[in-house]
2 protein chains.
Amino acid sequence: MPTSEMLSASLEDYLEAIFHLVSDKQAARSKDISRLLKVNVSSVTGALQVLAQKNLVNYSPYEVVTLTEKGEQAARDVVRRHRALRDFFVKVLAVEEGIADKGACRIEHTIPREILERFVEFVDFIEKSPVPGANCVHEFKKYCGHEKKTSHNSRTSVKRKPGLRKQKEKTRDNNSK
Amino acid sequence: MPTSEMLSASLEDYLEAIFHLVSDKQAARSKDISRLLKVNVSSVTGALQVLAQKNLVNYSPYEVVTLTEKGEQAARDVVRRHRALRDFFVKVLAVEEGIADKGACRIEHTIPREILERFVEFVDFIEKSPVPGANCVHEFKKYCGHEKKTSHNSRTSVKRKPGLRKQKEKTRDNNSK
DNA sequence: GTTAAAAGTTAGTCGCGACTAATAATGTAC
DNA sequence: GTACATTATTAGTCGCGACTAACTTTTAAC
């Protein structure tokens, strides 16, 4: 992984969005990318130019976008990170889907490889060895039920209004394995 | 947590560094902050001015830095996030100390509260209920031993040499120009 | 107390990645 | 095929957070 071809978090987001759009429809349109990422269309154009120049997307002005071989590899890698994180959050930590997805979105760009792989292994472990594994998670879920006396500082539990929010939503990606 | 007083990842890093320096010695000097964060001293000055203006540090030019009440609260919160992550990585995922710390550094700024709390709870769970909990982690560690044939994409399996890492050290000190 | 080194500050630049406003190409009705 | 709506692009700006180079203040040695 030469430093030269490292992608910024932002470019990875674009790649990921394009990947999903290409999966759904045949190709990605700037408008759709823009809607998905909640970003101005002009920002999309800029990103596409950079990605094209890095040989990650097939792009010419006013045309529809697809991934190059290299781009697809990179995108798949991002998506894999995303799914690994989300899976872990949902399956092991029993985090609510939406939050899990949001967390994955944020963390996917910075998590060290070594830790990511441990997340993957842990989920595999849980799923493959039902006896001690599933039991553990099951126990944890029960444990989560009891509100605990917090020992650390003040922070009380998070309050959110279910309906409206201005957070970046980014709920693309519905499917795993 | 009003959006108005949200801190950037970078400012959180400064606060964290200052916190540690103040804990060790009585106060933080720009030089030390700069060394800790691997950043130019002039960047530190800039950050201190911003933090001072946000009422998070006590700072006047050429003087030593301490945290305000508000700054200490904020710093403690960052440190708590950092520790929670590192603990989880080490205690549950059996990640090597150095990597765990690096990962915590990166993730601490973006992880959603809800997930962070689950990490904390999971570690508590493991430590408080040794019977099913510790067993689970113990089993996982054994499981980690066996290299497994990976089912997902090409990425070769994680090969870890316990001693040496040659990872890039921090995202910050990238060479430009 | 003068002076040199060390520490800190300022000014100016750069890259990134968002934005708006204006413009251009494309697509669709009629 | 003209005329309008939609979509995409360009040009220019902004904020952030790093950097270097030049300057100032503080400190330590003599």
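Labels below follow one simple rule: chain letters A, B, ... track the order of the sequence lines, proteins then strands, and each chain is numbered from 1.
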Chemist: Take atom CD of Gln53(B) and atom P of dG17(D), then tell me their distance rounded to the nearest Å.
Modeler: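 Answer to the nearest Å: 12 Å.
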Chemist: Tell me which nucleotide among dG17(D), dG17(C), dT9(C) gets nearest to the side chain of Ser10(B).
Modeler: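 So the side chain of Ser10(B) is nearest to dG17(D).
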Chemist: What integer distance in Å separates Asp13(B):CG from dG17(D):P?
Modeler: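 It works out to 10 Å between those atoms.
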Chemist: Are the charged groups of Arg118(A) and Glu114(A) less than 4.0 angstrom apart, N to O?
Modeler: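 Result for this pair is no, no salt bridge flagged.
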Chemist: Return the nearest nucleotide to the side chain of Gln49(A); candidates are dA18(D), dG8(C), dT10(D).
Modeler: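 Of the options given, the side chain of Gln49(A) lies nearest dT10(D).
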Chemist: Calculate, to the nearest 0.5 Å, the distance between atoms NE2 and NZ belonging to His20(B) and Lys25(B) respectively.
Modeler: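 Going from the NE2 atom of His20(B) to the NZ atom of Lys25(B) covers 13.5 Å.
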Chemist: Of all the choices, dT9(D), dG17(C), dG8(C), which nucleotide is nearest to the side chain of Arg29(B) once you look at every atom?
Modeler: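 Of dT9(D), dG17(C), dG8(C), dG8(C) is nearest to the side chain of Arg29(B).
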Chemist: Judged by each residue's nearest nucleotide on DNA chain C, which is more toward the 5′ side, Val50(A) or Pro61(A)?
Modeler: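 The residue closer to the strand's 5' end, by nearest nucleotide, is Val50(A).
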Chemist: Any salt bridge linking Glu117(B) with Arg80(B)? Criterion: basic side-chain nitrogen under 4.0 Å from a carboxylate oxygen.
Modeler: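 Yes, this pair counts.
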Chemist: Without decimals, in angstroms, what is the distance between Tyr14(B) OH and dC16(D) C1'?
Modeler: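 Taking atom C1' of dC16(D) as the reference, OH of Tyr14(B) is at 11 Å.
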Chemist: Can the ring centres of Phe122(B) and Phe119(B) be said to be less than 6.0 Å apart?
Modeler: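 Between Phe122(B) and Phe119(B), the centre distance exceeds or equals 6.0 Å.
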Chemist: Taking only N and O in the side chain of Thr45(B), is any of them less than 4.0 Å away from OP1 or OP2 of dT10(C)?
Modeler: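 False: Thr45(B) side-chain N/O out of range (4.0 Å or more) of dT10(C) OP1/OP2.
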Chemist: Restricting to nitrogen or oxygen on both sides, can you table the protein-nucleotides 20-24 of chain C pairs closer than 3.5 Å?
Modeler:
unit_1, atom_1, unit_2, atom_2, d
dT20(C), OP2, Asn40(A), ND2, 3.0
dT20(C), O4, Ser42(A), OG, 2.8

Chemist: Rounding to a whole Å, what distance do you find between Tyr59(B):OH and dA7(C):C1'?
Modeler: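 Distance, rounded to whole Å: 12 Å.
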Chemist: Mind calculating the distance between CG (Leu48(B)) and P (dG8(C)) to the nearest angstrom?
Modeler: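 Nearest whole value for this atom pair: 10 Å.
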Chemist: In whole Å, what is the span from the CD atom of Glu63(A) to the C1' atom of dT26(C)?
Modeler: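 Rounding to the nearest Å, CD of Glu63(A) and C1' of dT26(C) are 11 Å apart.
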Chemist: Going through the distances and angles, do Lys54(A) and Leu7(A) end up as a side-chain contact (heavy atoms from CB on, under 4.5 Å)?
Modeler: CA-CA 10 Å; Lys54(A) 286 182 188 293; Leu7(A) 292 173; 3.9 Å; yes
Chemist: Without decimals, in angstroms, what is the distance between Asp32(A) CG and dT7(D) P?
Modeler: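 Between P of dT7(D) and CG of Asp32(A): 9 Å.
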Chemist: Please identify each residue that fulfils side-chain hydrogen bond (donor to acceptor under 3.5 Å, both in side chains) with Asp32(A), with sequence neighbours left out.
Modeler: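 Counting only residues at least two positions away or on another chain, Asp32(A) forms a side-chain hydrogen bond (donor to acceptor under 3.5 Å, both in side chains) with Arg29(A), Arg35(A).
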Chemist: Could you work out, with side-chain hydrogen bond (donor to acceptor under 3.5 Å, both in side chains) as the rule, every residue matching Asn55(A), not counting sequence neighbours?
Modeler: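 Once residues adjacent in sequence are excluded, Asn55(A) has no partner under the side-chain hydrogen bond (donor to acceptor under 3.5 Å, both in side chains) criterion.
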Chemist: In whole Å, what is the span from the CZ atom of Arg35(B) to the C1' atom of dG8(C)?
Modeler: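 Taking CZ of Arg35(B) and C1' of dG8(C), I get 15 Å after rounding.
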